[in-house]
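Predicted model, so just to flag it, every value in this text is computed and none were measured.
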Amino acid sequence: MRDGAPEASAPGSTPVGAAEHQVSELELDRRRYRQRASWRSVLIAVSSTIAFVVVVSLVVVNTPGWDAVKQTFFNWEIGRDSFAGILEGLWVNLKALFFATIMVAIFGTLLAVLRSLRGPVFFPLRALATIYVDLFRGVPVLIVLYLIGFGIPALGIFGRLDAALLGTIAIALCYSAYVAEVLRAGMEAVHPSQRIAARSLGLSHGKTLRMVVIPQGVRKVIPALMNDFVSMQKDVGLISVLGAVDAIRAAQIDVAQTYNMTPYVVAALLFVAISVPLTRLTDYVAGRMNVREQIGGTV
């Protein structure tokens, strides 16, 4: 062998380092067993689900009032005719959800920061934030919608306002209180050493909150925030009580014209089509965060 040249392996021999990457037959048997067990579990789950759906369907279809229920709630012709109007109304709900999310993110963060201020000089701000959170978490959303939707126009200050706008403001006021408490819990979960380290580096109290505490606190409560977002996505349908022609109001108009409840089912399915992906995304994010925390806590 010449100096510096790698030693060639003999013909038919195992290359150097190859033994480290070979999988034993026992491990291969374990992997095959786990794969068979996984497929068996999937087949059992699918079979049991199909059997359950078939049994429930047979029970429901054979009930005495199924024909009347089918005609009242699952009329294909009426659902098809009302779909376009309900879908157009759903666009109003989506716009309300978009702007309400922005307002909740800003106002909820402000409330959380006010409630986390320390020192006796900030007591009035903490007290106001606490009163607001307690008030809007205690009052039902529907009552807040009535108070904002009919109370603000009665003042005669802003003139005539759109019902969807007033409903969006009411939804944002309610959910800002919930989000503020979630954010405050996340901020308080940040270890005090993070604040001390930031201040020791010369950061002011405001920069410490903005650059250290709030980002870490938000990461800790992302699943809870996404759950609040899913709940708000459903509650934006309540703006119909103020007269906004959203998906619920469009369905109500069709019901009044046809004396059939199928448009309500169509509206419900459209809301479900939005909420299910958001719910699965919430579960995915929560699972990822749990795995990351478990990895981080492994010694």
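Counting only residues at least two apart or on different chains, the salt bridge (charged side-chain N to carboxylate O under 4.0 Å, His left out) pairs with a member in residues 107-136 are Arg115-Glu181. Within the structure, every pair that satisfies the ring-ring contact (aromatic ring centres under 6.0 Å, His included) test and touches residues 120-148, not counting sequence neighbours, is listed here: Phe107-Tyr132, Tyr132-Phe136, Tyr146-Phe150. Pairs engaging residues 253-284 under the ring-ring contact (aromatic ring centres under 6.0 Å, His included) rule: none recorded [sequence neighbours left out].
The main-chain N or O of Asp246 is never found under 3.5 Å from a side-chain atom of Asn93 such that the two would form a donor-acceptor pair. Ser47 places a side-chain N or O within donor-acceptor distance of the main-chain N or O of Leu43, the cut-off being under 3.5 Å. Formation of a donor-acceptor pair under 3.5 Å by the Ser38 side chain with backbone atoms of Gln35 is not found in this model.
Each of Arg30, Arg31, Arg32 was compared with Glu25 under the salt bridge (Lys or Arg N to Asp or Glu O under 4.0 Å) criterion, and only Arg32 meets it. Evaluated for a side-chain contact (heavy atoms from CB on, under 4.5 Å) with Val230, the options Leu278, Val276, Leu281 yield exactly one hit, Leu278.
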| request: Apply side chain to side chain contact (heavy atoms under 4.5 Å, CB included) to the pair Asn260 and Val255, showing each step before the final yes or no. | output: CA-CA 5 Å; Asn260 191 283; Val255 168; over 6 Å; no
| task | Let me see the working for Leu173 and Ile148 under side chain to side chain contact (heavy atoms under 4.5 Å, CB included), right down to the final yes or no. | result | CA-CA 10 Å; Leu173 291 175; Ile148 299 297; 3.9 Å; yes
| request: Any chance you could lay out the side chain to side chain contact (heavy atoms under 4.5 Å, CB included) test for Met103 and Thr168, step after step, and finish with the verdict? | output: CA-CA 9 Å; Met103 288 188 284; Thr168 303; 3.4 Å; yes
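Side-chain contact check for Trp66 versus Thr63: some heavy-atom pair is nearer than 4.5 Å. Ile274 has its side chain within reach of Leu94: a pair of non-hydrogen atoms, C-beta onward, lies under 4.5 Å apart. Side-chain contact between Tyr178 and Ser231 is absent, with no heavy-atom pair separated by less than 4.5 Å. Between Pro263 and Ile86 there is a side-chain heavy-atom pair separated by less than 4.5 Å. The shortest distance between side-chain heavy atoms of Leu225 and Phe229 does not fall below 4.5 Å.
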Which side-chain N or O atoms in residues 185-192 pair as donor and acceptor under 3.5 Å with protein atoms at least two apart or in another chain?
residue: Glu188; atom: OE2; partner: Arg184; partner atom: NH1; Å: 3.0
residue: His191; atom: ND1; partner: Ser193; partner atom: N; Å: 3.1
residue: His191; atom: ND1; partner: Ser193; partner atom: OG; Å: 2.8

Listed pairs under 3.5 Å, donor-acceptor, residues 67-76 side chains, sequence neighbours left out:
residue: Thr72; atom: OG1; partner: Ala68; partner atom: O; Å: 2.7
residue: Asn75; atom: OD1; partner: Glu77; partner atom: N; Å: 3.2
residue: Asn75; atom: OD1; partner: Ile78; partner atom: N; Å: 3.2

Validation: residues 208-218 side-chain donor-acceptor distances under 3.5 Å, sequence neighbours left out:
residue: Thr208; atom: OG1; partner: Ser204; partner atom: O; Å: 2.7
residue: Gln216; atom: NE2; partner: Gln194; partner atom: OE1; Å: 3.0

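In the hydrophobic clustering of this structure, Ile102 does not group with Leu111; members are Ile, Leu, Val, Met, Phe, Trp, Tyr whose side-chain heavy atoms approach within less than 4.5 Å, directly or through other members. One hydrophobic cluster holds both Leu165 and Ile239 under the rule that ILVMFWY side chains link at heavy-atom gaps under 4.5 Å. Connection of Val113 to Ile131 is not established within any shared hydrophobic cluster, with ILVMFWY side chains joined at heavy-atom distances below 4.5 Å, either directly or through further cluster members. Clustering ILVMFWY residues whenever any of their side-chain heavy atoms sit less than 4.5 angstrom apart, transitively, puts Trp91 in the very cluster that holds Phe83. By the rule that hydrophobic residues join a cluster once side-chain heavy atoms approach within less than 4.5 Å of another member, Leu135 and Leu145 end up as members of one cluster.
In terms of heavy atoms, Ala100 sits closest to Ala172 at O-CB, 4.2 Å. Of all heavy-atom pairs between Leu114 and Ala129, the closest is CB-CB, 4.0 Å. Between Ala247 and Ala267, the shortest heavy-atom contact is O-CB, 4.1 Å. Residues Leu166 and Gly149 come closest through the heavy atom pair CD1-O, 3.5 Å.
Atom CG of residue Asp228 and atom OG1 of residue Thr101 lie 11.0 Å apart, to the nearest 0.5 angstrom. In this structure, Ile253 CD1 and Thr258 OG1 are separated by 11.5 Å, a value rounded to the nearest 0.5 Å. Annotation: the span from Ile171 atom CD1 to Leu97 atom CG amounts to 10.0 Å, rounded to 0.5 Å. Note: Gln257 CD to Asp81 CG = 11.0 Å, rounded to the nearest 0.5 Å. Note that the CD1 atom of Ile248 and the CG atom of Leu90 stand 9.0 Å from one another [nearest 0.5 Å]. Taking CG of Leu110 as the start and OG of Ser176 as the end, the distance is 9.5 Å to the nearest 0.5 Å.
In the model, Gln252 has a side-chain atom that pairs as donor or acceptor with a side-chain atom of Arg249 under 3.5 Å.
Within a 6.0 Å sphere centred on CZ of Arg160, other residues, nucleotides and ligands contribute 12 heavy atoms or fewer.
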